[in-house]
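Data block below; observations after.
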Amino acid sequence: MTANSLTIRDNRNGKEVELPIIDGTMGPGVVDITNFYKEFGLFTLDPGFRSTASCNSKITFIDGDKGILLYRGYPIDQLAEQSSHLEVCYLLLNGELPNKKQFEEFSHTVTHHTMLHEQMAFLFRGYRRDAHPMAIMVGVVGALSAFYHDSLDLRNPRHREVSAFRLIAKMPTIAAFSYKYSVGQPFVYPCNRLGYSENLLHMLFSVPCDNYVVSPVLAKALDQVLILHADHEQNASTSTVRLAGSSQANPFAAASAGIGALWGPAHGGANEAVLKMLHEIGDEDHIGDYIKRAKDPHDPFRLMGFGHRVYKNYDPRARILRKAAYEVLGELGRGDDPLFRVALKLEKIALEDDYFVSKKLYPNVDFYSGLILSAMGIPTNMFTVIFSVARTVGWITQWKEMISEEGQAISRPRQLYTGEVHRDYVPIYQRK
Ligand code: SDX
């Protein structure tokens, strides 16, 4: 019997098997159950994967109890304060911070991939003007594989790298085009002399008949929002990208699947749901009613922007965004923004309420991000689109880690079958 193992005993027949425990560099170790079915003829069951590690990864580390988030070992608060989204993209993709030359080359490459094939403009026009921009993102990102099939040989590391550049570079353009289409304004092309977040604001808010000057404060705040949303280990959308990519589907199709998963209000769609909830609450006097509803097990209402599968402490990203919200609203002369006041009061009440304290429901990344994006003039239905722009680097980095893994195989979980046992077909004339 080795020290670093679990001995599992099958009490039906007394069979005992040692399963190895594998420790990582940080966080909980894992018990390797690769041979569990072969040894016991049983599957393990873990709906929602609360106790299941789906892979080993070197990219992002989260300690939910301590509220720690590291990208390639660097604390999120240091990156949010001192780095830029493009530099964080390099860090996540390559595992190290770039030197000056490396960053200049990376930045030049991404900047010169920001345009879309001109034919793609017609894709947007196939949607109703009132289509949710996330519906457009799912479609257009998946369609990238119809235009950029010269970099889809997944066995070729150079192709994997080019696809990563293309996705990171083109997501802001696709996001901005989906917004412009929804408001009936002409598409604004990317401008290569602008930084990544500046360019996104430029493409969102410039119009042909006016000279839109990007506010450095807003560009910095948006860049910080992108950094904070860039990756988050094996969350629902990233796991979707990994699973879709495990079938050797191209990275654009895998990213499109990730966008679909992110859209849900339990995941990346929460930032849009938070703003809707704050508008619905309206003012501080109504907060009590909503807290009551959130606590009622018979009421499906949940306090959007609260709770997290991993963080059982304050989400470190929410803490940074709360500070940024103060700064942006203050900069825009909206420090007394009524929604922000409701959010602060709601947070205070929830953090003192035993229901939320006992269930360790703290504000998460989505609680404040919407307030900042809204203050920038970004409409609510674009919040999750911005999240998808940010998370693209996480998705493609996790996809690259998965696809280049030794012995990479298709992800194909099993099930506990509880349906009908075998029965024979009955012709319709014999049925009652
Ligand atoms: C993101 O995974 C990631 O990393 C995601 C993300 C990322 O960067 O990729 O961090 C981004 O998705 C953040 C989460 C955004 N979602 C929301 O803000 C939606 C509101 N939150 C809930 O839907 C919920 O908290 C989840 C989905 C986030 C987490 O759900 P879990 O882990 O499955 O928790 P649970 O549903 O088991 O809840 C535990 C208990 C339950 O009560 P009991 O069954 O124990 O009685 O807490 C309650 C829940 O009813 N609860 C809430 C609540 N969240 C959980 N009650 C009221 N309001 C809430 N928000």
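Predicted model, so just to flag it, every value in this text is computed and none were measured. Read the numbers this way: they start at 1 and go in the same order the structure lists the ligands and their atoms.
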Y314 six-ring centre to R319 NZ/CZ under 6.0 Å and within 45° of normal: yes
Quick one: which ligand 1 atoms are inside 4.0 Å of a heavy atom on G307? 25 (O), 28 (C)
Write out the residue and atom name of the closest protein heavy atom to atom 41 (C) of ligand 1, then the distance separating them to 0.1 Å. R302 NH2, 4.1 Å
Identify the protein heavy atom lying closest to atom 33 (O) of ligand 1, giving its residue, its atom name and the separation to 0.1 Å. R309 NH2, 2.8 Å
One finds that the ligand 1 atoms under 4.0 Å from a non-hydrogen atom of A294 are 56 (N), 57 (C)
Show me which atoms of ligand 1 lie under 4.0 Å from any heavy atom of A270. 15 (C), 16 (N), 17 (C), 18 (O)
Classify the contact between R317 and ligand 1 as side chain, backbone, both or neither, using a heavy-atom distance cut-off of under 4.0 Å. side chain
Tell me which donor-acceptor pairs under 3.5 Å the side chains of residues 249-260 have, and how far apart each pair is, sequence neighbours excluded?
from, atom 1, to, atom 2, distance (Å)
N250, OD1, F252, N, 2.9
N250, OD1, A253, N, 2.8
S256, OG, V138, O, 2.8

In this structure, does ligand 1 have an atom that sits under 4.0 Å from one of the heavy atoms of G305? yes
Would R391 count as a contact residue for ligand 1, given that I'm defining contact as a non-hydrogen atom of the residue lying under 4.0 Å from a ligand atom? yes
min-distance protein heavy atom vs atom 56 (N) of ligand 1 -> Y355 OH, 3.1 Å
What's the shortest distance from atom 6 (C) of ligand 1 to any protein heavy atom, and which residue and atom give it? H308 NE2, 3.6 Å
Are E272 and M134 side-chain neighbours, meaning at least one heavy-atom pair lies under 4.5 Å? no
Between E161 and K400 (salt bridge meaning N to carboxylate O under 4.0 Å), is one present in this structure? no
Sub-4.0 Å heavy-atom approach of V310 to ligand 1: no
Please classify the Y311 to ligand 1 contact at 4.0 Å (heavy-atom distances, strictly less than): side chain, backbone, both or neither. neither
Contact region, T238 to ligand 1, non-hydrogen atoms below 4.0 Å, reads neither
Exceeds 12 heavy-atom contacts within 6.0 angstrom, atom CD of Q248: yes
Looking at P265, which atoms of ligand 1 are within less than 4.0 Å of one of its heavy atoms? 16 (N), 19 (C)
Ligand 1 and L361, any nitrogen or oxygen pair closer than 3.5 angstrom? no
Face-on cation placement of R334 at F340 ring, 6.0 Å and 45° thresholds: no
Looking at D299 and R293, is any side-chain nitrogen of the basic one under 4.0 Å from a carboxylate oxygen of the acidic one? yes
Taking only residues two or more places apart in sequence or in another chain, which ones pass salt bridge (charged side-chain N to carboxylate O under 4.0 Å, His left out) with E405? none
Heavy atom of P297 under 4.0 Å from ligand 1? no
N or O pair under 3.5 Å between F301 and ligand 1: no
For atom 34 (O) of ligand 1, what is the closest protein heavy atom, and at what distance to 0.1 Å? R50 NH1, 4.3 Å
Just checking F124 against F187, ring centres under 6.0 Å apart? yes
Closest candidate by heavy atom, reference atom 46 (O) of ligand 1, pool K359, H232, K360, K295: K359
Pair Q398, Q234 - check side-chain hydrogen bond (donor to acceptor under 3.5 Å, both in side chains), show working. CA-CA 9 Å; Q398 299 269 353; Q234 305 313 315; 2.8 Å; yes
Please determine if E284 and R341 form a salt bridge, counting it only when a charged side-chain N lies under 4.0 Å from a carboxylate O. yes
Any idea which protein heavy atom is nearest atom 58 (N) of ligand 1, and the distance to it? L303 N, 3.0 Å
How about atom 3 (C) of ligand 1: does it have a protein heavy atom within less than 4.0 Å? yes
With nothing but distance in play, are any N or O atoms of M304 less than 3.5 Å from an N or O of ligand 1? no
Keeping E401 on the side-chain end and K58 on the backbone end, is there a donor-acceptor pair under 3.5 Å? yes
Which part of N364 is near ligand 1, with near meaning a heavy atom under 4.0 Å away: side chain, backbone, both or neither? side chain
For atom 26 (C) of ligand 1, state whether the nearest protein heavy atom is under 4.0 Å away. no
Mind checking whether Y196 and H85 have parallel, tilted or perpendicular rings, split at 30° and 60°? tilted
Considering only protein heavy atoms, which is closest to atom 20 (C) of ligand 1, and at what distance to one decimal place? F306 O, 3.4 Å
Is it the case that more than 12 heavy atoms not belonging to R128 sit under 6.0 Å from its CZ atom? no
Which residue and heavy atom of the protein sit nearest atom 16 (N) of ligand 1, plus the separation: A266 O, 3.0 Å
Is the closest basic N to carboxylate O distance between R166 and D150 below 4.0 Å? yes
